[in-house]
Each structure stands twice: as C-alpha cells, then as structure tokens.
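Remarks on the structure that follows.
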Amino acid sequence: MSDSPTRHLSLHGASNFRDLGGYPTADGRTTRWRHIFRSNHLGQLTADDIAIVRALGVRSAFDFRGLEERAAGVCVVNEITVHSLPIEPTVVASLRAELARGTLTAPIAMEIMRGSYRNYVSHNTHSFRTLFGHLLEDRAPLVIHCTAGKDRTGFASALILHALGVADDVIAADYLLTNRYYKRDVSSVSELPADVLDAIGSVEASYLDAAFKAVGREYGDIETYLRDGLKLGTAERTALKERYLKS
C-alpha cells in the first residue's frame, strides 16, 4: 500500500484542489509532494477548508482569472498572497453568440474550447512566463488556479510538468483528473443546452492537444516554447528541478 500523500484534497468549497507531486521524471526523480497545488478558485472555502489549506502551508496563489471573475470570488484565506496573472475568459461569450445565431451545437462548443486553448499560446504566453518567474523564486507551497481549475490551470500545470521532465502520458492523465473531481457550477450559464454544458464543463484530450499543436505551429516544439516563449533556459530549468523534484 502506498504511503504517498493524497493527490486530491476533499474540500467542501473547492472540488478540484490537487497536488502535482509524485510524478516520475525522465531523469529518474519525482515531483515533490506538497509543493505545487492546482485548484479551482478559493472564494468559497469553508472554515474547515481554510484550516486544511493553512495546514498545508500555502502562502502564495497564482490566479489566472479575469477581472470580473476575481471580483466574484475573492480568496478567503487571509495569509495567502494572491498574484494576478489574468487571462480573460472568452468561451461563454462565444457560446452565447452562437446561441443567438441559432448555430450552437456541442461540436461547435468543443471547437470554441479548442480555440481558447490555442489562444493561451498565441495571446497569453506572457501570463505563463510570469508564472514561471514566480516559481523560480521558490514560493512553495503554492497554488495555481483559475475559476474551475481545469483549462487555464490545466495548461499551466501541463507546462510545469513538461518543464520538470514528466512524460506526456502522465501529464495527460493529470489533466484528465479534472473529470473525476470537478463539480460544475452552471448557474451562470444555465441557458445553454445540456450537451454544450458537458463540453465546457469537462476537459477533453483534444483541448490540451490543441494548445500543444499551437506550440508546434508557433515555436516548433515544446522545448523551444519553454526556452523562447517562457524564457526557461538551461539555468532556469535546472533551478526549477532543484526546487520541485526529489531524488
């Protein structure tokens, strides 16, 4: 029986709070437990949840939500310093435009999702670059989140694991864990059809793949993106591994 820490932490006010520790890397090490967490937003944590997060020692949060999203769900853990790395949401507005035209279907919703992931690379690389700048300052334990903790956070987590040398299939499996743990809040988009809500309320391998295909088109490959897009040279990669990997 494994004595590893629990990957998913059962919080009442955040359903998708997970640890990026315990993943093997190409150089025979593993990602450190209890250093980097990924989550949906921290604005609805209960008193018990706050006690759990405090016990983890989390002091920094890196928040990819846009302006209105942040205002609607301010972090309730006073000790956590929140660093805003805004990526404004575009999906719901695009869906509503399709709905108004009478052309909204689940396949179109999925393509809108893939488009948003492509935009992470073409329009939002600066936010992910800033995240890595913070990671290099060794602020662990820390948490990365957006609203649902699945798309902007999912791509950020995949980039972190890539930079640390985790294999593609392991990264994909971590990404898809959202479908096991995330509890949707559809109150703000309840006018959308059920199959569309399914498309935007879950993660699909094709979504993450769309982002990495965009990396390939714009940078050639992931290693070049890490180096040129995210400014992670050899020294920075080494420093990240020293902080976030264990032998």
Side-chain angles (χ1 to χ4, degrees), residues 11-18 38-45 61-76 82-128 130-131 143-159 174-215:
L11 304 178
H12 293 289
S15 61
N16 204 16
F17 196 106
R18 296 165 17 214
R38 53 171 296 177
S39 182
N40 49 327
H41 79 87
L42 308 177
Q44 297 177 338
L45 299 182
F62 302 98
D63 182 356
F64 288 111
R65 294 178 299 169
L67 185 62
E68 291 186 10
E69 292 174 287
R70 292 199 309 276
V74 176
C75 177
V76 295
V82 179
H83 302 269
S84 178
L85 309 174
I87 297 175
E88 292 291 343
T90 60
V91 167
V92 171
S94 297
L95 293 172
R96 285 178 171 150
E98 295 284 350
L99 184 64
R101 287 192 290 267
T103 53
L104 182 59
T105 63
I108 285 176
M110 293 179 72
E111 182 52 35
I112 288 172
M113 289 295 295
R114 286 188 283 268
S116 73
Y117 275 70
R118 288 189 283 268
N119 285 341
Y120 297 157
V121 179
S122 58
H123 299 305
N124 303 117
T125 287
H126 60 280
S127 290
F128 300 106
T130 302
L131 170 66
V143 60
I144 299 157
H145 75 89
C146 49
T147 292
K150 68 186 190 67
D151 301 312
R152 291 162 288 190
T153 298
F155 184 52
S157 299
L159 291 176
D174 177 81
Y175 172 76
L176 292 171
L177 282 177
T178 281
N179 290 337
R180 182 185 306 177
Y181 296 118
Y182 177 56
K183 295 177 183 176
R184 303 181 205 170
D185 176 7
V186 299
S187 57
S188 63
V189 289
S190 57
E191 79 276 17
L192 299 176
D195 57 350
V196 170
L197 292 175
D198 285 342
I200 68 170
S202 59
V203 291
E204 298 278 342
S206 71
Y207 299 168
L208 188 61
D209 189 50
F212 285 117
K213 284 181 177 176
V215 165

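Nothing fancy with the numbering, it's 1 onward along the sequence.
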**Item:** Ion pair check, Arg114 and Glu204, cut-off under 4.0 Å
**Value:** no
**Message:** To the closest 0.5 Å, what do you measure between CG (Leu11) and CG (Leu45)?
**Reply:** 6.5 Å
**Prompt:** For Gly149, does its backbone N or O pair with a side-chain atom of Asn16 as donor and acceptor, under 3.5 Å?
**Reply:** yes
**Message:** I'd like to check Asp151 versus Phe64 (side-chain heavy atoms, cut-off strictly below 4.5 Å). Are they in contact?
**Reply:** no
**Prompt:** When rounded to the nearest 0.5 angstrom, what distance separates CG in Leu131 from CG in Leu159?
**Reply:** 8.5 Å
**Prompt:** Looking at side-chain heavy atoms only, is the closest gap between Asp198 and Arg184 below 4.5 Å?
**Reply:** yes
**Asked** Would you say the side-chain atoms of Arg65 pair up with the backbone N or O of His41, donor to acceptor, closer than 3.5 Å?
**Response** no
**Asked** Any side-chain heavy atom of Tyr181 within less than 4.5 Å of one from Ser15?
**Response** no
**Prompt:** Would a distance-only check, ignoring hydrogens and angles, find a side-chain to backbone donor-acceptor pair under 3.5 Å from Asn179 to Ser202?
**Reply:** no
**Nearest heavy atoms of Ala156 and Ile144, plus distance in Å** = CB-CG2, 4.3 Å
**Prompt:** Any side-chain heavy atom of Lys213 within less than 4.5 Å of one from Arg118?
**Reply:** no
**Interatomic distance, Arg38 atom CZ to Cys146 atom SG [nearest 0.5 angstrom]** = 8.0 Å
**Request:** For residues Thr153 and Ser39, report the shortest heavy-atom separation together with the two atoms involved.
**Result:** OG1-O, 4.0 Å
**Asked** Is Arg152 salt-bridged to Asp63, cutoff N-O under 4.0 Å?
**Response** no
**Prompt:** So do Val203 and Leu208 actually touch side chain to side chain, heavy atoms under 4.5 Å?
**Reply:** no
**Prompt:** Is there a donor-acceptor contact under 3.5 Å linking the side chains of Arg18 and Thr178?
**Reply:** yes
**Prompt:** According to the interplanar angle, ranging from 0 to 90°, do the rings of Phe62 and His83 count as parallel (below 30°), tilted (30 to 60°) or perpendicular (above 60°)?
**Reply:** parallel
**Message:** Under a 3.5 Å distance rule, please check whether Ser116 uses its side chain to pair with a backbone N or O of Met113 as donor and acceptor.
**Reply:** yes
**Rounded distance [0.5 Å steps], CZ in Arg96 versus CG in Leu104** = 11.5 Å
**Item:** Ring geometry between Phe128 and Phe155 (parallel below 30°, tilted from 30 to 60°, perpendicular above 60°)
**Value:** perpendicular
**Message:** Let me confirm one number: the CD1-CG distance from Ile87 to Asn124, rounded to the nearest 0.5 Å.
**Reply:** 4.0 Å
**Prompt:** For atom NE2 of His12, is the number of surrounding heavy atoms from other residues, nucleotides or ligands below 6.0 Å larger than 12?
**Reply:** no
**Prompt:** Looking at Ile112 and Leu95, what are the two nearest heavy atoms and their distance?
**Reply:** CD1-CD2, 3.7 Å
**Message:** Please find the pair of heavy atoms, one from Pro86 and one from Arg70, that lie closest to each other, and give the distance.
**Reply:** CB-NH1, 3.7 Å
**Message:** Please report the interatomic distance CG(Leu42) to SG(Cys75), rounded to the nearest 0.5 Å.
**Reply:** 5.0 Å
**Request:** For Glu69 and Thr147, work out which heavy atoms get closest and say how close.
**Result:** OE2-OG1, 2.7 Å
**Request:** Determine the minimum heavy-atom distance between Lys150 and Tyr117, stating which atoms define it.
**Result:** O-OH, 3.5 Å
